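Notes follow once the structure below has been shown.
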Amino acid sequence: MDDKKIIFSGVQPSGNLTLGNYLGAIRNWAKLQKDYHCIYAMMDMHTITVRQTPADIRRRTLEVLALYIACGIDPEENILFVQSHNPNHAELAWVLNCYTYMGEMQRMTQFKDKSARHADNINTGLFTYPVLMAADILLYGADYVPVGKDQMQHIEICRDIAGRFNAIYGDVFKIPEGLLSKSGAKIMSLQEPTKKMSKSDENPKAYISMMDDMNVVAKKIKSAVTDSEGVIEYRPDDESKAGINNLISIMSAVTGKTPEEIAGDYASAGYGTFKADVAEAVVEVLAPIRAEYDRLIADKAYLKDICASGAQRARAISQRTLNKVYKKVGFLQL
Ligand code: AQP
């Protein structure tokens, strides 16, 4: 093995991927593949922390893989696999559960949000989701985990769990670092811009799906909630400007200009003109990805082959970590 560092990340096939998933995560993964050994998974085990339709998870798992590739991730250079195809994730998660405190999990923002949204199904899987996520990362000795801002708290807890384990048993786990993208790290809902854009939002107008037709993408941006002030200024700390701040952030992420430059460009423009230009810029980025996705998703056999070889490679790497952990905690080795 050369001295390239290791990257691990993944997306849950819990809905159609959004512009937030793309700008906050996947787009950066493609950029990292030249300089790192990258392992990217379809995190199907995480999806069942919330009730799902089984056929949808199955279908979306291949859709997510096709999107990864359509976004420029090379399936030969990187390891792409389905989380549930590698049982080591569940096995390490169990061990780590025994080194994680209830109080730590109770503090997790995502647990609080999701248990409020799914009050009829506050299951222990939802509670211990960050422990499974810690196992996902630690199994591969990942140096960096590129994520959106919403997941940084889970990276912190992963570091705490790994550090605690190492303090007892010696240097078993590499302590990973979260990697935030420079722009697009938190794209907000188009309808409630103080909330993050989520693929499982009940209101489809709140998110831009990577599966939306381009005219739908444009329509959603044009009907994004803004304010009545009529001024295009970037004021990230002013909640009343959350809608305009979000559109500026999206424009910044797709054009590479800074939010201040964009606000300057549109200082004398109306919201209608600005929204039309944001829509055009987003469509310009998404349309070629969508065309490539349509081509890839037609070839299920190719996608399944990638899953099979990815799982084999992922198992080989992660087995070494799991063996070490089992030995350290005292499980009999034959
Ligand atoms: N709105 C967002 N802005 C920037 N980054 C985002 N990510 C998610 N939403 C945004 C990043 O995408 C990666 C994959 O996320 P995930 O699918 O594992 O789960 P999530 O963070 O819970 O995303 P969703 O869309 O909100 O899913 P649901 O609705 O199923 O809970 C992560 O790196 C995340 O930070």
Side-chain angles (χ1 to χ4, degrees), residues 7-32 38-53 56-57 60-61 63-65 67-68 71 73 82-83 89 108-118 121 125-126 129-130 132-134 136-137 142 144-158 176-204 206-211 220 224 242 245-247 249-250 252-254 282:
I7 297 260
F8 179 89
S9 201
V11 171
Q12 305 181 60
S14 50
N16 290 333
L17 264 56
T18 69
L19 184 68
N21 295 128
Y22 175 66
L23 294 176
I26 302 170
R27 183 175 67 157
N28 306 307
W29 302 357
K31 292 184 190 153
L32 294 163
C38 299
I39 305 170
Y40 298 129
M42 284 69 81
M43 315 305 287
D44 56 349
M45 292 168 73
H46 286 278
T47 65
I48 62 167
T49 53
V50 170
R51 290 281 176 270
Q52 307 279 349
T53 305
D56 287 348
I57 305 180
R60 286 193 191 118
T61 300
E63 289 175 355
V64 171
L65 173 60
L67 259 181
Y68 285 178
C71 291
I73 297 167
V82 181
Q83 183 188 26
H89 291 249
M108 295 293 106
T109 309
Q110 191 180 74
F111 172 68
K112 289 191 231 170
D113 284 354
K114 287 202 173 168
S115 47
R117 271 198 278 148
H118 305 279
N121 179 26
L126 186 64
Y129 174 115
L132 178 57
M133 181 164 158
D136 300 333
I137 297 165
Y144 300 110
V145 188
V147 286
K149 240 185 219 160
D150 62 312
Q151 291 291 344
M152 276 314 244
Q153 197 183 29
H154 291 164
I155 304 292
E156 282 308 314
I157 206 77
C158 168
E177 276 177 48
L179 212 58
L180 272 189
S181 63
K182 288 197 186 72
S183 61
K186 193 163 188 188
I187 301 298
M188 311 306 279
S189 154
L190 297 178
Q191 291 300 316
E192 287 175 79
T194 51
K195 253 178 49 182
K196 114 179 153 128
M197 182 181 284
S198 262
K199 58 176 119 64
S200 61
D201 199 308
E202 275 157 23
N203 180 1
Y207 57 84
I208 292 173
S209 159
M210 303 288 285
M211 299 290 141
K220 285 184 180 176
N245 290 336
N246 190 35
L247 291 176
S249 301
I250 292 174
S252 162
V254 295
V282 170

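None of the values given here were measured: they were computed from a predicted structure. Atoms within each ligand, like the ligands themselves, are counted from 1 in listed order. Side chains included, hydrogens not; waters and symmetry mates left out as well; all remaining heavy atoms used.
- The shortest side-chain heavy-atom distance between Cys38 and Trp29 does not fall under the 4.5 Å cut-off.
- The aromatic rings of Tyr129 and His154 lie tilted to each other, with the angle between the two planes from 30° to 60°.
- Taking the side chain as every heavy atom from C-beta outward, Ile26 and Met210 never approach each other to under 4.5 Å.
- For the pair Leu67/Met211, a side-chain contact is recorded, criterion being any heavy-atom separation below 4.5 Å from C-beta on.
- When heavy-atom distances to ligand 1 are checked against 4.0 Å, the residues falling inside are Gly10, Val11, Gln12, Ser14, Gly20, Asn21, Gly24, Ala25, Gln110, Lys114, Val147, Gly148, Asp150, Gln151, Gly184, Ala185, Lys186, Ile187, Lys196, Met197, Ser198, Lys199, Ser200, ordered by chain and number.
- Partner of Gln83 under the side-chain hydrogen bond (donor to acceptor under 3.5 Å, both in side chains) criterion, out of Thr61, Thr47, Asp136: Asp136 alone.
- Counting heavy atoms from C-beta on, the side chains of Lys112 and Thr109 never come closer than 4.5 Å.
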